[in-house]
Number of protein chains: 4
Amino acid sequence: MGASKAKRLPRAVRERQMMDAAVQTFGQRGYQAASMDDIAELAGVSKPLVYLYLNSKEDLFTACIRREAKALLDAVAAAIDPGLSAEEQLWAGLLAFFTHTAEHPDGWAVLSRQAHIQGEPFAGEAARMRAEIVAYVGTVIGAAAKETHRETHRDPELAERDVAGLAQALAGAAESLAGWANGTPGMTAREAAATLMNFSWAGLGNLMKNERWSPR
Amino acid sequence: MGASKAKRLPRAVRERQMMDAAVQTFGQRGYQAASMDDIAELAGVSKPLVYLYLNSKEDLFTACIRREAKALLDAVAAAIDPGLSAEEQLWAGLLAFFTHTAEHPDGWAVLSRQAHIQGEPFAGEAARMRAEIVAYVGTVIGAAAKETHRETHRDPELAERDVAGLAQALAGAAESLAGWANGTPGMTAREAAATLMNFSWAGLGNLMKNERWSPR
Amino acid sequence: MGASKAKRLPRAVRERQMMDAAVQTFGQRGYQAASMDDIAELAGVSKPLVYLYLNSKEDLFTACIRREAKALLDAVAAAIDPGLSAEEQLWAGLLAFFTHTAEHPDGWAVLSRQAHIQGEPFAGEAARMRAEIVAYVGTVIGAAAKETHRETHRDPELAERDVAGLAQALAGAAESLAGWANGTPGMTAREAAATLMNFSWAGLGNLMKNERWSPR
Amino acid sequence: MGASKAKRLPRAVRERQMMDAAVQTFGQRGYQAASMDDIAELAGVSKPLVYLYLNSKEDLFTACIRREAKALLDAVAAAIDPGLSAEEQLWAGLLAFFTHTAEHPDGWAVLSRQAHIQGEPFAGEAARMRAEIVAYVGTVIGAAAKETHRETHRDPELAERDVAGLAQALAGAAESLAGWANGTPGMTAREAAATLMNFSWAGLGNLMKNERWSPR
DNA sequence: GATGAATGAGGGTTCATTCAT
DNA sequence: AATGAATGAACCCTCATTCAT
């Protein structure tokens, strides 16, 4: 029950209220189940105002994805010191990731739900965010691999597709763990991040050392 | 495409047609966006017949989840020879998993995307399947850990929560890779499975040897 | 759950089964809320058979009304000895009425519900039955009035409309009491009939003696 | 008749229009046969507006019952001067009752027919109104009985159940007469009320004097 | 005599969206 | 800057009814 008869506020403030309400509603109910009525009421404004500022349900949702994706990516980026080793960068990034998703469950719900929807019109938005994460992971892995390869005189081209596949796997594992951690009481972001490091670092290390697992 | 004035067919056949149409529609459009009209038309029957046989949208969706989950689990189970080593079992299982998901993209979409997105009671159905996979992975990991520990005389208790977390990560990585593989032309199930083995086997091995990664 | 795979029975028997099921269903749920599926299932036959024998929902309902109305009117008529006095005839008729309605609540529900519906297509049926009851009551009252008037030398024409009005009132009171009696545990048909005699006989007697109540 | 593109009106006005249309439609066609489309069209608005204001078909029907019951009870109550004798009160009440039902046939149909036919929760609403009338009648009868008993030194307890039964009979007779009067051209409310007074007053008088009719 | 298979039509309800103020 | 009033379009579901066997 938002305040009724909302007093005139600057557009920026109102927009933030609406987006907050939208993220909460989309996150908890999903895109289709969330109604513009719900969002407007939670924001404490009338529906026409939502349309005036945010244009349409699709646009509103897209804006939510963008805002939450930026917040998450910024949080991760801010945690990373490019001067550190690959291992330290990955650890810092994962810790920031799990911390942020734990602190913004609705925002994360919006993002992760979206990541699981392929049908247009939001596929693009989700793909963009995922691509950024994957690209970042790829950079770290790639950098680490190059270090190692320099030492081991191995072909410096850790195939692009390998990196992409690993990044996908890492991202998927992270998403899955984030959901699991959020739903497991007493589970800290630190534990989740450690679990994922445990899971992935050795394999990544092996790969970087060109010790691939292969069937038979 | 949907023929009008459908010829009389035995109920079992019609039900299968409807479920096929439903899986396709749910998988491609999502639960909410899929309309019973769409499904009926694709199945080539009238809507009332769908209701007569499958009862309601919810029931239909649940039936889809169950059918596809069973098909996937059966495919994986059939691929595993319990006499093999843990490593071989995991490889065979992953290969079967990626093969099946590649061959049944709509069914996999229903399981991985839609079932997660809608709240109860669907999430429960999907969770049941995930739990089976996770349990299987846990068994394999646990067995492998015991082997190793026998050799290394280590404490046989690989903490329950660790196993659960790892299984979550592995399942998430697999889901993510399955989606990625499906969307990447020229990507084979074998490659996806190998990527995931690469990614995970070394880490699992380390863990089984109690060589954990830890911060600092 | 009626028996499945009903064995071949003579049409008359099957029809009675269907009508029994229909009366029960219509009586308990009302015309619109009763579905042909419900009735067919309760009768233990398939729907097409119901249509084959009874033609349509409307026809089925009409047949129910006719059958139940006939049963009620027959029961009342059988209880009346034309040789008795008007008072005794009325008493016997009311007693039979309340007894029958108590013993056939579903049939009575069909009739009384219908009596309260004016919209076509059933108004006619209900009106016909009510007219018969009213006519009978009118006959008794009229006869009694003539007796009395012969003694009192009063205008023998107790206005037609007066009789009709009184009959309406009596019929309404009887309907109301029948519903009340059916819903009041421990209430016997005899008590209900006595209550109505109490209520009406004095007034009828006065009227027959030309002692009318009039305002002021 | 229903204008399209309805002009903007205050909610209160629109609500009254909708309720008017609903009473008319429910009264003439019955609850089940009346469609929300019909009602909306008759009210000259779109269906969603009906839902926005009145919530659901059930709620709308309940609101109709309440409104019409209140109107009827108010009309009767306004006609009664508590200073008058029981006889005069009854006469005034009946006159008001028949006048009101004659002037509002659809409202009366909703109350007397439809509300009875549908099960709970509507029957409850209608029962409430009937109970008020019955209670009022009971009060009048009881008061008159006491007067009489004071004169005749009789046991002042006119059995509760007797009063209830009589009130039921009176109410039923009134309902029946109201329907009859509405369907009989040239029939005035005054005549209907007089008929019922004729029918009932003598009997009530006898009862109050403890002169009961009894069989044999 | 009896039924499994099938549907046209319509009803209640919801929602994103706009208009007039 | 902000909203009360209003709707077109769809969606889920049910039902009386028929066809082919």
Side-chain angles (χ1 to χ4, degrees), chain A residues 4-11 13-14 32-40 44-53 55-60, chain B residues 4-11 13-14 32-40 44-58 60, chain C residues 4-11 13-14 32-40 44-53 55-60, chain D residues 4-11 13-14 32-40 44-53 55-60:
Chain A
S4 51
K5 282 294 168 195
K7 275 301 161 217
R8 303 188 169 216
L9 291 177
R11 169 158 186 161
V13 176
R14 275 271 181 264
Q32 306 255 19
S35 84
M36 294 298 268
D37 281 273
D38 296 337
I39 294 168
V45 298
S46 68
K47 247 187 314 178
L49 198 57
V50 179
Y51 278 87
L52 188 62
Y53 285 176
N55 216 36
S56 76
K57 195 185 184 186
E58 274 193 30
D59 284 5
L60 172 55
Chain B
S4 49
K5 286 291 172 193
K7 274 295 168 214
R8 298 186 176 228
L9 293 178
R11 173 166 181 158
V13 176
R14 276 274 182 261
Q32 310 251 21
S35 85
M36 293 299 268
D37 281 275
D38 295 338
I39 293 168
V45 297
S46 68
K47 225 188 335 176
L49 200 58
V50 180
Y51 278 90
L52 188 62
Y53 287 173
L54 277 321
N55 224 29
S56 75
K57 195 183 187 185
E58 270 198 33
L60 174 54
Chain C
S4 52
K5 281 293 171 197
K7 275 302 161 217
R8 305 193 167 209
L9 291 178
R11 172 158 181 161
V13 176
R14 275 269 183 266
Q32 306 255 19
S35 84
M36 294 298 267
D37 281 273
D38 296 337
I39 293 168
V45 297
S46 68
K47 246 187 314 179
L49 198 58
V50 179
Y51 278 87
L52 187 62
Y53 285 175
N55 217 35
S56 77
K57 194 186 186 186
E58 273 194 30
D59 284 3
L60 172 55
Chain D
S4 48
K5 287 289 173 196
K7 274 296 167 213
R8 298 188 176 226
L9 293 177
R11 173 166 181 158
V13 176
R14 276 274 183 262
Q32 310 252 21
S35 84
M36 295 296 268
D37 282 276
D38 296 337
I39 294 168
V45 297
S46 67
K47 225 182 343 172
L49 200 58
V50 180
Y51 277 88
L52 188 62
Y53 287 172
N55 224 28
S56 74
K57 197 184 185 183
E58 270 198 33
D59 282 6
L60 174 54

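Below, chain A is the first sequence line, B the second, and so on; all start at residue 1.
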Nearest to the [X] side chain among [options], which nucleotide is it?
X       : options               : answer
A:Lys57 : E:dT17, E:dA6, E:dA5  : E:dT17
B:Tyr51 : E:dC15, F:dC12, F:dA6 : F:dC12
B:Arg8  : F:dA6, E:dA5, E:dT14  : E:dA5
A:Pro48 : E:dC19, E:dG12, F:dA9 : E:dC19
B:Leu9  : E:dG4, F:dT3, E:dA6   : E:dA6
A:Ser35 : E:dG8, E:dA5, E:dC15  : E:dC15

Separation of [N] [atom2] from [X] [atom1] (nearest whole Å):
X       : N      : atom1 : atom2 : answer
B:Leu60 : F:dC13 : CG    : C1'   : 13 Å
D:Leu49 : F:dG8  : CG    : P     : 11 Å
A:Met36 : F:dG8  : CE    : P     : 20 Å
C:Asp37 : F:dT17 : CG    : P     : 12 Å

Symbol by symbol from the 5' end, with Watson-Crick or G-U pairs under 3.5 Å, [ ] crossing and | another strand, DNA chain E is .||||||||||||||||||||
If you take all heavy atoms of [X] and [Y], which pair is closest and at what distance?
X       : Y       : value
A:Ala33 : B:Gln32 : CB-NE2, 3.7 Å
D:Leu52 : D:Arg11 : O-NH2, 4.2 Å
D:Ser46 : D:Ala40 : C-CB, 4.0 Å

Counterpart residues, side-chain hydrogen bond (donor to acceptor under 3.5 Å, both in side chains), relative to D:Arg8 (two or more places apart):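 Once residues adjacent in sequence are excluded, D:Arg8 has no partner under the side-chain hydrogen bond (donor to acceptor under 3.5 Å, both in side chains) criterion.
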Report the distance from atom [atom1] of [X] to atom [atom2] of [Y], rounding to the nearest 0.5 Å.
X       : Y       : atom1 : atom2 : result
C:Tyr51 : C:Lys57 : OH    : NZ    : 8.0 Å
D:Glu58 : D:Leu60 : CD    : CG    : 11.0 Å
A:Lys47 : A:Leu49 : NZ    : CG    : 13.0 Å

Any N or O donor-acceptor pair linking the side chain of A:Lys47 to the base of E:dT17 at under 3.5 Å?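 Donor-acceptor pair under 3.5 Å: yes.
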Using a heavy-atom cut-off of 4.0 Å across all strands, would you classify [X] as base, sugar-phosphate, or nothing?
X       : answer
C:Arg11 : nothing
B:Ala34 : sugar-phosphate
C:Ala40 : nothing

Position toward the 5' end of DNA chain F (nearest nucleotide), A:Val50 or B:Ala33: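 So the residue in question is A:Val50.
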Find which nucleotide of DNA chain F each of D:Tyr53 and C:Gln32 is nearest to by heavy atoms, and output the residue with the more 5' nucleotide.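 Going by which nucleotide is closer to the 5' end, it is D:Tyr53.
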Under 4.0 angstrom between A:Arg14 side-chain N/O and F:dA2 OP1 or OP2: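 Indeed, a polar side-chain atom of A:Arg14 lies that close.
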Using heavy atoms to find the nearest nucleotide of DNA chain E for C:Leu52 and D:Asp38 separately, return the residue whose nucleotide is more 5′.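 Of the two residues, C:Leu52 wins.
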